[in-house]
There are 2 protein chains.
Amino acid sequence: MVQIELSTEEKILKAAEEVFMRDGYDGSRMQDIADVAGINKALLHYYFRSKDKLFEKVFDAKIQSFFPQMGEKFSQDIPFVDKIHIFIEGYMGLLLKNPYLPLFVLNTVNNKDKSAFIKKLPIELSRQVAQSYYVEFKKGNVRELNPAQFIMSLMGMCIFPFLAKPILLDMFKADNATFDKLMEERIQELKRYVTLILTP
Amino acid sequence: MVQIELSTEEKILKAAEEVFMRDGYDGSRMQDIADVAGINKALLHYYFRSKDKLFEKVFDAKIQSFFPQMGEKFSQDIPFVDKIHIFIEGYMGLLLKNPYLPLFVLNTVNNKDKSAFIKKLPIELSRQVAQSYYVEFKKGNVRELNPAQFIMSLMGMCIFPFLAKPILLDMFKADNATFDKLMEERIQELKRYVTLILTP
DNA sequence: TATAAGTTTAACCAAATGGTTAAATATGCC
DNA sequence: GGCATATTTAACCATTTGGTTAAACTTATA
């Protein structure tokens with residue numbers, strides 16, 4: 001395995017992501033980010049003038065992965081149910097790799113001071129799902145429902161376990177590996193759920 | 001309408017709940033809580049020695065409402081699907097009255113420093129649903145599924161819109177009243193979903 | 001009226017924290 | 001070598017914040 005040398009800027013962004021995601025904006029310390037990046041606080045401010053500026057950089061990239069842009073996938077010519085199955089697989093995979101992502105994004109979105117950072121809204125996701133749904137509905141291939149409500153349910157079912165992870169670990173007396181296995185099973189379970197909901 | 005005079009302690013707890021729920025632990029200021037309660041900081045510390053102690057009091061009450069204890073409802077002798085319908089109605093009603101509850105509880109649960117506050121775990125909810133489910137499953141009245149996965153889905157579907165509320169308001173160009181109406185519709189939609197999932 | 005508890009005011013403290021600065025040192029590049 | 005940029009060190013500053021204290025004032029009650 002080749003060791004790729006990260007530039008200082010990259011090291012900082014990586015460290016900032018880690019700390020912000022773990023501790024939230026208020027809970028994060030510039031000193032802590034500097035420590036994780038293996039540099040000192042002065043250099044941190046040398047690269048990113050303020051905590052706010054640094055946060056914005058990190059957050060921008062993250063919010064877009066949380067509200068996934070499904071463009072290509074949803075424009076494929078396959079049944080709507082299959083698109084949703086693909087969504088579930090992709091999204092759960094993302095969450096398994098970024099278990100802190102949901103709480104981080106939802107906190108920021110709900111933070112008055114940080115709402116200015118939210119530039120690119122996930123209108124696309126909703127629009128694409130709705131359009132793709134109605135095409136299929138007219139063909140009589142899916143049951144009648146409100147696509148907006150459906151996408152909320154879908155995302156909710158995917159993210160909830162990651163938000164409540166500490167509680168679930170305790171409830172099931174499980175460790176991280178067991179949790180991940182439970183989420184793998186969950187992918188199949190959710191696919192079954194949406195099939196039942198969507199199939200007329 | 002009779003004006004009921006709140007005791008100072010009650011005023012403080014009410015104010016603390018409001019501020020903690022809105023700003024989170026880190027984001028909350030003792031001065032702010034005192035202001036909302038209409039008293040001064042000295043008196044605040046006179047009643048509750050520290051921020052931690054005050055937070056614990058508020059959080060204790062809240063976590064139990066977030067993971068609802070369904071004891072009586074689930075022991076009723078009615079079909080499992082009906083129990084779930086009752087759950088949805090009750091839980092969505094609670095969330096409509098406490099829209100900040102989910103983010104507050106989930107943040108606290110995920111906060112290392114605050115994990116000591118979590119004493120009473122919601123094992124009951126999971127146990128009751130599971131037991132109630134298996135009784136009904138043996139009678140062939142519900143489809144086969146993993147009750148733990150199901151309860152996660154149920155809670156996720158209920159809470160997600162409240163967590164993503166700022167985004168949804170923006171996406172649908174809606175105000176608070178419209179959002180509440182959307183959630184009222186959602187109750188019916190979710191009932192349909194679970195019926196489809198559970199009915200063999 | 002005397003006593004105790006509740007409440008206010010205002011000043012104060014110590015620690016944490018975001019951010020700055022200046023000088024020294026290292027590094028790469030012409 | 002000499003120059004610019006990157007990096008470190010370390011001290012420093014202003015502000016915020018949780019928490020304390022002491023003295024004065026209010027209120028109810030015995």
Side-chain angles (χ1 to χ4, degrees), chain A residues 3-60 62 104 107-108 110-117, chain B residues 3-60 62 104 107-108 110-117:
Chain A
Q3 280 285 344
I4 293 161
E5 193 66 28
L6 292 175
S7 74
T8 302
E9 189 168 341
E10 288 169 326
K11 276 194 293 183
I12 292 175
L13 284 171
K14 201 181 156 205
E17 179 185 315
E18 179 185 327
V19 174
F20 278 137
M21 295 262 276
R22 194 186 56 213
D23 300 334
Y25 183 86
D26 286 331
S28 294
R29 303 289 154 241
M30 292 299 268
Q31 186 60 61
D32 198 11
I33 294 172
D35 290 346
V36 172
I39 54 152
N40 54 62
K41 207 176 52 160
L43 193 59
L44 187 56
H45 281 94
Y46 176 82
Y47 273 89
F48 300 90
R49 288 223 305 282
S50 69
K51 190 182 182 181
D52 264 28
K53 291 220 192 309
L54 179 54
F55 182 83
E56 194 172 352
K57 273 268 163 62
V58 173
F59 176 70
D60 249 30
K62 285 290 145 188
F104 173 77
N107 265 320
T108 309
N110 278 279
N111 186 324
K112 242 187 105 191
D113 297 333
K114 297 285 153 295
S115 55
F117 291 164
Chain B
Q3 282 283 345
I4 293 163
E5 191 67 26
L6 292 176
S7 73
T8 302
E9 189 168 341
E10 287 167 328
K11 277 194 291 184
I12 293 175
L13 284 172
K14 202 181 155 205
E17 179 184 314
E18 181 185 327
V19 175
F20 278 138
M21 296 260 277
R22 193 186 56 215
D23 301 333
Y25 182 86
D26 286 331
S28 295
R29 304 287 156 243
M30 293 298 269
Q31 187 60 59
D32 197 12
I33 294 172
D35 290 347
V36 172
I39 55 152
N40 55 62
K41 206 175 53 159
L43 193 59
L44 188 55
H45 282 95
Y46 175 81
Y47 273 88
F48 300 89
R49 288 225 305 282
S50 70
K51 190 182 182 182
D52 264 28
K53 290 219 193 309
L54 179 55
F55 182 82
E56 194 172 351
K57 273 268 162 63
V58 173
F59 176 69
D60 249 30
K62 285 290 147 189
F104 173 77
N107 264 319
T108 309
N110 278 279
N111 187 323
K112 244 187 102 191
D113 297 334
K114 298 283 155 293
S115 56
F117 290 165

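The chains referred to below are lettered A, B, ... by the order of the sequence lines, with proteins before strands, and numbering in each begins at 1.
Comparing the helix axis at one end of the helix from dT1(C)-dA30(D) to dC30(C)-dG1(D) with that at the other, each defined from 5 consecutive pairs, gives an inter-axis angle of 10° (nearest 10°).
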(message) Pair Glu18(A), Lys14(A) - check salt bridge (charged side-chain N to carboxylate O under 4.0 Å, His left out), show working.
(response) CA-CA 6 Å; Glu18(A) 179 185 327; Lys14(A) 201 181 156 205; over 6 Å; no
(message) Between Glu9(B) and Phe48(B), does the side chain to side chain contact (heavy atoms under 4.5 Å, CB included) criterion hold? Intermediate values first, please.
(response) CA-CA 9 Å; Glu9(B) 189 168 341; Phe48(B) 300 89; 3.9 Å; yes
(request) For the pair Asp35(A) and Gln31(A), evaluate side chain to side chain contact (heavy atoms under 4.5 Å, CB included) and give the outcome as yes or no after the intermediate values. (result) CA-CA 6 Å; Asp35(A) 290 346; Gln31(A) 186 60 61; 3.1 Å; yes
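dG6(C) atom P lies 14 Å from atom NZ of Lys11(B), rounded to whole Å. Distance NE2 (His45(B)) to P (dT20(D)): 6 Å, rounded to an integer number of Å. One can place CG of Leu44(B) at 13 Å from C1' of dT17(D), the figure rounded to the nearest angstrom. Look at NZ on Lys53(B): it is 16 Å from P on dG18(D), rounded to the nearest Å.
Expressed to the nearest 0.5 Å, how far CE of Met21(A) lies from OG1 of Thr108(A) amounts to 10.0 Å. Separation of atoms CG (Leu44(A)) and CD1 (Ile33(A)) is listed at 6.0 Å; rounding is to 0.5 Å.
Checked against salt bridge (charged side-chain N to carboxylate O under 4.0 Å, His left out), Asp23(B) has no partners two or more places apart in sequence or in another chain. Evaluation of the salt bridge (charged side-chain N to carboxylate O under 4.0 Å, His left out) rule for Lys57(B) yields no partner, not counting sequence neighbours.
A side-chain hydrogen bond (donor to acceptor under 3.5 Å, both in side chains) check over residues 38-55 of chain B, counting only residues at least two apart or in different chains, returns the pairs Tyr25(B)-Asp52(B).
Proximity of residues 12-34 of chain A to DNA chain D (heavy atom under 4.0 angstrom from any strand atom) is not detected for any residue.
Contact record, Ala37(B) with Ile12(B): CB-CA, 4.1 Å, taken as the closest heavy-atom pair.
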(message) Output one letter per nucleotide in nucleotides 6-13 of chain D: B when a protein non-hydrogen atom lies under 4.0 Å from the base, S when only the sugar-phosphate is that close, - when neither is.
(response) SBBBB---
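Residues Phe104(A) and Phe59(A) have side chains in contact (heavy-atom distance under 4.5 Å, counting atoms from C-beta outward).
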